[in-house]
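Data block below; observations after.
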Amino acid sequence: MSSTEVLDGNALPTVETARKLGVLPEEFDRIKEILGRDPNFTELSIFSVMWSEHCSYKNSIVWLKTLPRDSERMLAKAGEENAGLVDIGDGLACSFKIESHNHPSALEPYQGAATGVGGINRDIFTMGARPIAQLNSLRFGNPNLPKTKWLVKGVVKGIGDYGNAFGIPTVGGELFFDESYNTNPLVNAFSAGIVEAGKVAKATSYGVGNPVFIVGSATGKDGIHGATFASEDITDKSNEKLPAVQVGDPFMEKLLLEATLEVIATGHVIGIQDMGAAGIICSTSEMSAKGEHGMIIDLDKVPTRQQNMHGWEILLSESQERMLVVVDKGQEDVIKGIFDKWDLHCVQIGEVIAAGANDTGRLYFYQHGQLIADVPAHDLVLGGGAPQYHREYREPAYYQEFKKFSIDSVQDVAGNEVSAVAKHLLSHPNICSRRWVAEQYDSMVGTATRTTNEPSDAAVVRIRDAARPDYEKSLAMTVDCNSRYVNADPFIGAQIAVSEAARNLTCAGAEPLAVTNNLNFGNPYVPEVYWQFVQAVKGMGKACEKFGTPVTGGNVSFYNQSSDDGPVFPTPTIGMIGLVEKPELQTPLAFQAEGDLIYLVGTPKNDIASSEYLYSYRGVKQSPAPAFDLDEEYSLQQAVRQLITSGVIASVHDLSDGGLFVALAESAMFRKLGFDITTDEGFRKDAYLFGEAQSRVLVSVKANKQQQFEQLLGGLNTAFRQLGTVTSEGFVVDGQTLIGTAAAKDLYDNSLANILEGTPEVVR
Amino acid sequence: MKFGVVVFPGSNCDDDAVYALQHNLGQEVVKLWHKDHDLQGCDLIVLPGGFSYGDYLRSGAISRFSPIMNEVIQHAKRGGYVLGICNGFQILCEAELTPGVLLRNNGQKFICRNVHLKAETNNSLLTSGLDLDRAFKIPIAHAEGRYFTDADSLKRLNDNDQVLFRYCDENGTITDAANPNGSLDNIAGICNEGRNVFGMMPHPERAADCALGNTDGKLILEQVLNVLV
């Protein structure tokens with residue numbers, strides 16, 4: 001097929017057209033080289049989306065490859081499939097991933113967030129895994145701004161409406177506010193599913209003559225060039241990109257889930273991939289490149305929502321709830337029968353063809369009987385011909401400035417101020433209860449959530465298997481990243497993010513298994529931003545190596561910056577899963593009974609750096625990351641695991657935002673209990689109570705286990721100190737009642753609703 | 001007793017209901033597909049929670065016209081037992097098998113959390129052996145759960161002892177503060193005049209397994225087994 005047969009009806013695009021589509025001049029030259037001719041507009045559009053940051057990871061991949069990607073539990077490594085795949089034993093595997101929908105959510109929070117949930121779940125069930133639980137990690141600007149309130153309400157409702165109807169529980173997540181996110185919020189959605197290890201569906205295509213089906217929703221003009229849009233800064237012109245935001249239909253997603261799992265179970269599926277970013281062109285090219293075959297596709301056969309769509313619009317449309325499926329020839333009726341049962345479109349749009357003599361498979365797209373695009377699949381995709389760049393990076397000036405902070409420049413708390421800080425933290429939007437958000441999500445559908453009635457530091461979801469009702473294993477999961485720490489020191493901050501995730505899983509009674517990451521950064525062409533990225537990836541790699549938790553995949557989201565506010569805090573969100581082998585290992589975070597003994601395990605430090613106390617109560621915005629040592633952290637987590645498996649502790653809660661005091665308060669409030677503790681005079685009181693030095697946990701112990709507990713910890717060479725006891729009422733520190741339990745609970749439970757809605761949540 | 005759990009395409013609590021009945025109550029359960037016309041000889045039909053046909057119009061508005069619902073309606077009219085939970089209750093109201101409607105929560109938001117319920121009467125199969133002084137901790141998860149009906153209908157409900165559950169606080173006191181969605185008179189569940197069709201917004205099947213740390217829902221569900229005693 002010669003290039004002269006490729007028709008589009010338009011004049012051939014110029015380098016200027018290319019620039020408008022986000023293609024660099026050198027990339028335009030490369031495209032001409034690959035094709036051996038000038039691309040037409042359709043082909044240029046194809047390259048522009050496939051080589052966008054969103055699809056190609058061109059500015060991040062060289063660094064992502066440095067992350068640890070393997071362990072003996074890995075069944076699919078990063079980038080091999082739509083999501084990572086981890087062996088959890090007994091013939092089962094967990095597929096899990098996190099993905100951002102930041103830019104769409106900035107413009108249209110409801111649909112932006114909803115379709116983020118839809119997209120991540122399709123990544124899971126396209127592998128044949130049934131999703132069992134979801135998390136999300138959300139970051140917004142100043143919560144007192146009307147725009148922030150609008151964004152929070154829209155995003156939360158979008159996640160809720162989509163996830164609730166889809167019917168997979170949303171069991172936890174993160175919510176953080178900082179002015180750096182005023183214009184550009186971050187919406188990261190996580191999903192995890194379970195699949196029988198031998199029955200995993202692949203994102204591939206081969207077998208000459210095998211039919212190619214498009215299934216699910218019809219294709220419309222929504223989300224065209226969405227992937228390109230995700231690869232730009234947000235500007236005051238961004239609202240003009242509203243058509244780049246997709247619209248979600250959770251009912252359709254539910255049907256697609258059931259039909260997809262049923263089709264995969266037939267064993268006749270060669271390959272299947274959901275259509276997310278860059279739509280049909282992404283699925284056809286990635287599957288073909290992987291299977292080293294070509295495809296002929298007739299775009300006239302694609303069910304569309306409107307007439308007269310251009311070929312490039314059909315190819316690039318990011319209409320939601322669609323899949324591309326390649327099946328064994330001869331099994332068409334079986335496949336169609338299943339989709340018919342679920343009342344879904346299932347239309348053959350083409351077939352698999354052999355690779356040519358000089359390539360590993362080409363894609364031929366026809367419309368109205370004419371060939372409108374002819375492109376080699378391999379050259380479009382990551383790991384194939386997509387560009388990879390080493391970007392320049394430079395240490396920003398602020399980094400050394402932040403390190404100059406001295407704790408001596410801040411006065412210690414004394415007298416009534418202790419109580420004032422306590423109340424400040426309990427009601428702070430970054431610390432108070434996330435109830436206002438969490439209750440808008442169905443967290444219990446599936447009757448598997450074990451942390452509803454007894455919370456732990458991570459969400460724990462049992463693997464409910466109808467065939468094995470006595471099955472004991474549960475999956476623990478968490479998303480974590482304190483982006484203030486990462487901003488202060490990306491190398492340390494990213495290590496802390498990994499460590500905190502592992503610590504949360506460990507405290508919940510799980511063995512940490514693997515990581516999915518969502519790297520949210522500013523513009524990669526800004527050397528100081530790229531330095532944050534590089535340092536964070538290095539830190540993440542170091543910590544993942546230490547914990548034996550490989551990075552199985554995830555998502556990079558650059559260009560999270562606006563013309564007004566500059567880049568967001570560098571936010572490498574860590575999603576981590578762990579395995580709770582037996583129900584009795586799951587450990588509560590809450591104090592269980594009055595009279596139990598309270599211990600601090602880990603080494604306290606005279607450190608208040610980057611704490612919520614320093615940042616928002618003292619107003620000191622420039623300080624380094626909190627005290628952290630990776631080896632110390634690792635030892636602490638090993639000690640916690642021993643404490644749990646020995647059955648000597650009643651509860652364990654890690655110290656994170658808000659330090660020891662907030663950990664105490666959270667442990668006490670669940671059962672409306674109190675505590676009476678003393679601080680250690682060897683430390684500043686603010687550092688001891690409110691500092692966020694890492695690698696510490698709060699533990700409660702029944703009096704009759706005290707000796708066993710102390711003996712065990714003594715043998716582990718881990719620092720510990722008895723702080724006091726669990727009481728029936730009041731938060732007492734050094735003889736001073738900081739606040740009553742009911743008053744604390746009221747502040748903690750209702751502050752977020754008060755900030756976002758102006759009044760306490762209206763019940764009647 | 002044979003149970004049938006109806007599966008609409010957007011049902012998402014169907015498996016939970018099956019699991020609770022099968023594994024927690026040890027009963028025989030079959031799934032009934034919405035396009036089918038046969039109740040397979042089931043004694044009690046469960047309409048589970050979820051979003052039956054997407055519920056973009058009005059919750060349950062389309063499902064009442066589905067093939068299986070024709071059979072369920074006939075079953076109910078013959079005196080057969082039907083239990084609608086959450087979306088199932090919405091469908092029962094749309095199908096006029098139970099009186100009243102379920103409006104959008106007065107807070108205008110979806111709410112998922114544990115609430116407390118008090119059984120109002122022992123004069124129905126579903127509540128036959130329940131302790132009327134006890135507050136049962138049961139989860140809710142809905143955006144449209146505010147029970148409403150007109151004054152005449154409400155009077156009939158009360159006169160006929162058709163209110164099965166009301167929202168209460170953890171001590172069993174029925175208060176405005178304990179009403180999560182603005183339901184009329186804290187109504188959380190009712191039965192029809194024939195006392196064979198039960199509708200409730202809270203999810204007892206979500207509190208039926210000791211692995212989840214709450215079995216108050218099992219206490220409610222297992223009442224239906226009293227039919228054989």
Side-chain angles (χ1 to χ4, degrees), chain A residues 130 153 156-157 159-161 163-170 249-255 257-259 341-344 435-455 460-462 464-466 469-472 474 583 586 588 753 757 761-764, chain B residues 7-20 22-24 33-35 49-56 86-87 105-114 137 139-143 175-183 186 203 205-217:
Chain A
R130 179 175 284 278
K153 288 174 188 172
V156 170
K157 187 164 168 52
I159 291 172
D161 282 0
N164 297 345
F166 181 52
I168 306 303
T170 302
D249 178 351
F251 176 57
M252 185 65 80
E253 177 102 340
K254 163 75 174 159
L255 303 182
L257 162 73
E258 300 298 344
K341 171 185 166 191
W342 291 98
D343 299 318
L344 289 172
R435 194 180 71 139
W436 183 88
V437 174
E439 288 184 357
Q440 295 188 57
Y441 305 146
D442 190 339
S443 56
M444 306 184 209
V445 62
T447 58
T449 313
R450 289 176 48 89
T451 33
T452 301
N453 297 307
E454 188 65 77
V460 179
V461 180
R462 69 168 163 169
R464 199 186 75 182
D465 185 345
D470 298 328
Y471 198 64
E472 288 202 310
S474 296
Q586 187 191 327
E757 300 196 305
E761 192 180 353
V762 181
V763 174
R764 286 184 300 117
Chain B
V7 182
F8 297 105
S11 295
N12 58 33
C13 303
D14 47 336
D15 283 337
D16 300 352
V18 170
Y19 191 91
Q22 215 161 50
H23 295 292
N24 302 129
W33 182 238
H34 68 111
K35 292 180 184 174
F51 291 74
S52 47
Y53 290 88
D55 287 349
Y56 292 113
C86 197
N87 189 222
N105 298 342
N106 61 350
Q108 304 299 312
K109 290 200 291 283
F110 187 95
I111 309 169
C112 174
R113 66 163 178 252
N114 281 323
K137 183 168 86 173
I140 55 168
H142 58 246
T175 66
D176 285 351
N179 186 343
N181 53 24
S183 286
N186 285 41
H203 286 274
E205 82 284 9
R206 293 186 178 190
D209 195 320
C210 54
L212 304 183
N214 179 10
T215 50
D216 281 8

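So you know, we letter chains A, B, ... as the sequences are listed, proteins then strands, and number each from 1. Remember, it's a predicted structure, so these values are computed and weren't measured experimentally.
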Evaluate the criterion side-chain contact (heavy atoms from CB on, under 4.5 Å) for residue pair B/Leu212 and A/Thr447; output intermediate values, then yes/no. CA-CA 8 Å; B/Leu212 304 183; A/Thr447 58; 3.9 Å; yes

Can you name the closest pair of heavy atoms from A/Phe251 and B/Tyr56 and give their distance? N-OH, 3.4 Å

Just to verify, what does B/Asn214 make a side-chain contact (heavy atoms from CB on, under 4.5 Å) with, not counting sequence neighbours? A/Asn453, B/Asn114, B/Lys137, B/Ala207, B/Asp216

Please check: side-chain N/O of B/Lys35 versus main-chain N/O of A/Lys341, any donor-acceptor pairing under 3.5 Å? yes

Side chain, backbone, both or neither: which part of B/Ala141 has a heavy atom under 4.5 Å from chain A? side chain

Measure A/Asp249 against the heavy atoms of chain B and call it side chain, backbone, both or neither at under 4.5 Å. both

Pick one of side chain, backbone, both or neither for A/Gln440, based on which atoms fall under 4.5 Å of a heavy atom in chain B. both

Donor-acceptor under 3.5 Å (B/Asn12 side chain, A/Ile168 main chain): no

Does A/Arg464 come within less than 4.0 Å of B/Asp209, counting only side-chain N to carboxylate O? no

Quick one: what part of B/Thr175 sits under 4.5 Å from any heavy atom of chain A, side chain, backbone, both or neither? neither

Shortest non-hydrogen separation from A/Gly446 to B/Asp16 and the atoms involved: N-OD2, 2.7 Å

Please state whether the side chain, the backbone, both or neither of A/Thr449 comes within less than 4.5 Å of a heavy atom of chain B. backbone

Does B/Arg206 pair with A/Asp442 as a salt bridge, N-O distance under 4.0 Å? yes

Non-hydrogen atoms of chain A under 4.5 Å away: do they reach the side chain of B/Ser183, the backbone, both or neither? neither

